[in-house]
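What follows is a single structure, written as structure tokens, with notes after it.
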Amino acid sequence: SQAQDAKLYRWYAQYLESKQQLDAAANAYRKAEDWLSLVRIACFYKDVEKAMQICHESGDKAACYHLGRHFEQEGEIKKAIHYFASAGRVQHALRLAQQNN
């Protein structure tokens with residue numbers, strides 16, 4: 001079944017990531033449709049364009065939240081607010097907007 005395949009791909013991706021094989025892990029995460037892990041790896045590589053593309057195409061709330069946190073840490077407040085809002089984390093977005101007004 002598809003759910004079983006996704007679970008297996010995710011397990012394999014985690015194994016590859018534990019062995020520092022991030023490119024191969026990303027391929028397995030993609031097959032598992034694990035968008036959060038793909039965004040996490042893209043942020044690790046400082047490839048925010050790829051991370052933004054994954055969030056835009058998948059609409060995954062957890063991935064958007066992770067990217068929002070990444071942008072907040074980088075001091076890119078407007079982008080952080082956008083991705084927190086996309087993640088449905090309105091309180092985070094409002095807090096940032098108030099702190100940086």
Side-chain angles (χ1 to χ4, degrees):
S1 76
Q2 254 184 333
Q4 218 38 29
D5 289 350
K7 192 174 180 180
L8 186 60
Y9 280 124
R10 189 173 295 111
W11 175 86
Y12 185 56
Q14 290 168 344
Y15 169 78
L16 291 169
E17 191 174 357
S18 77
K19 299 293 185 189
Q20 308 300 311
Q21 297 177 23
L22 297 184
D23 290 334
N27 287 331
Y29 282 133
R30 191 169 295 105
K31 289 177 182 176
E33 297 183 0
D34 185 341
W35 310 122
L36 168 61
S37 294
L38 282 169
V39 166
R40 187 173 42 76
I41 289 174
C43 288
F44 176 81
Y45 277 131
K46 306 270 189 244
D47 191 349
V48 293
E49 292 297 322
K50 181 180 263 185
M52 290 167 55
Q53 181 182 0
I54 293 164
C55 285
H56 177 72
E57 291 175 358
S58 72
D60 186 83
K61 290 183 184 304
C64 289
Y65 179 75
H66 183 87
L67 187 54
R69 288 190 42 130
H70 175 81
F71 281 132
E72 182 180 11
Q73 290 170 352
E74 295 291 313
E76 296 194 51
I77 302 307
K78 285 185 179 181
K79 288 181 181 177
I81 290 169
H82 171 79
Y83 284 97
F84 283 144
S86 295
R89 300 295 189 97
V90 178
Q91 292 298 327
H92 286 333
L94 287 174
R95 174 185 51 81
L96 266 186
Q98 288 171 344
Q99 289 174 351
N100 294 279
N101 191 355

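Keep in mind it's a predicted model, so treat the numbers as computed, not measured. Just the heavy atoms: all of them, side chains too, but no hydrogens, waters or symmetry mates, feed the values below.
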Fill in: side chain to side chain contact (heavy atoms under 4.5 Å, CB included) evaluation trace for Glu49 with Asp47
CA-CA 5 Å; Glu49 292 297 322; Asp47 191 349; 4.0 Å; yes

Worksheet item: Is there a side chain to side chain contact (heavy atoms under 4.5 Å, CB included) between Arg40 and Glu17 once you walk through the steps?
Response: CA-CA 11 Å; Arg40 187 173 42 76; Glu17 191 174 357; 2.5 Å; yes

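With sequence neighbours excluded, no residue satisfies salt bridge (charged side-chain N to carboxylate O under 4.0 Å, His left out) with Arg30.
The hydrophobic clustering, which links ILVMFWY residues whose side-chain heavy atoms are closer than 4.5 Å, places Val48 and Ile77 apart. Leu16 and Trp11 end up in the same hydrophobic cluster when Ile, Leu, Val, Met, Phe, Trp and Tyr side chains are linked at under 4.5 Å. Both Leu67 and Trp35 belong to a single network of hydrophobic side chains, linked directly or stepwise wherever heavy atoms of I, L, V, M, F, W or Y lie under 4.5 Å apart.
Evaluation of the ring pair (Phe, Tyr, Trp, His ring centres under 6.0 Å) test over residues 50-70, restricted to residues two or more places apart or in two chains, returns Tyr65-Phe84, Tyr65-His92.
In terms of heavy atoms, Ser86 sits closest to Cys64 at CB-SG, 3.9 Å. Residue Val39 comes nearest to Ala51 through the heavy atom pair CG2-O, 3.9 Å, listed as atom of the first residue, atom of the second, then distance. In terms of heavy-atom proximity, Leu36 sits nearest to Ala62 at CD1-O, 3.6 Å. Nearest heavy atom pair, residue Ala28 against residue Ala13, reads CB-CB, 3.5 Å.
Ile41 has its side chain within reach of Tyr45: a pair of non-hydrogen atoms, C-beta onward, lies under 4.5 Å apart. Within the 4.5 Å cutoff, the side chain of Phe71 has no heavy atoms near those of the His82 side chain. Side chains of Tyr83 and Met52 form a contact here, defined as non-hydrogen atoms less than 4.5 Å apart. The shortest distance between side-chain heavy atoms of Arg89 and Arg69 does not fall below 4.5 Å. Using a 4.5 Å cut-off on side-chain heavy atoms (C-beta onward), Glu72 and Arg95 make contact.
Atom NZ of residue Lys50 and atom SG of residue Cys55 lie 13.0 Å apart, to the nearest 0.5 angstrom. The OG atom of Ser37 sits 7.5 Å away from the CZ atom of Arg10 when rounded to the nearest 0.5 Å. If you take CG on Asn27 and OH on Tyr12, they are separated by 10.0 Å, rounding to the nearest 0.5 Å.
Within a 6.0 Å sphere centred on CD of Gln99, heavy atoms belonging to other residues, nucleotides or ligands number more than 12.
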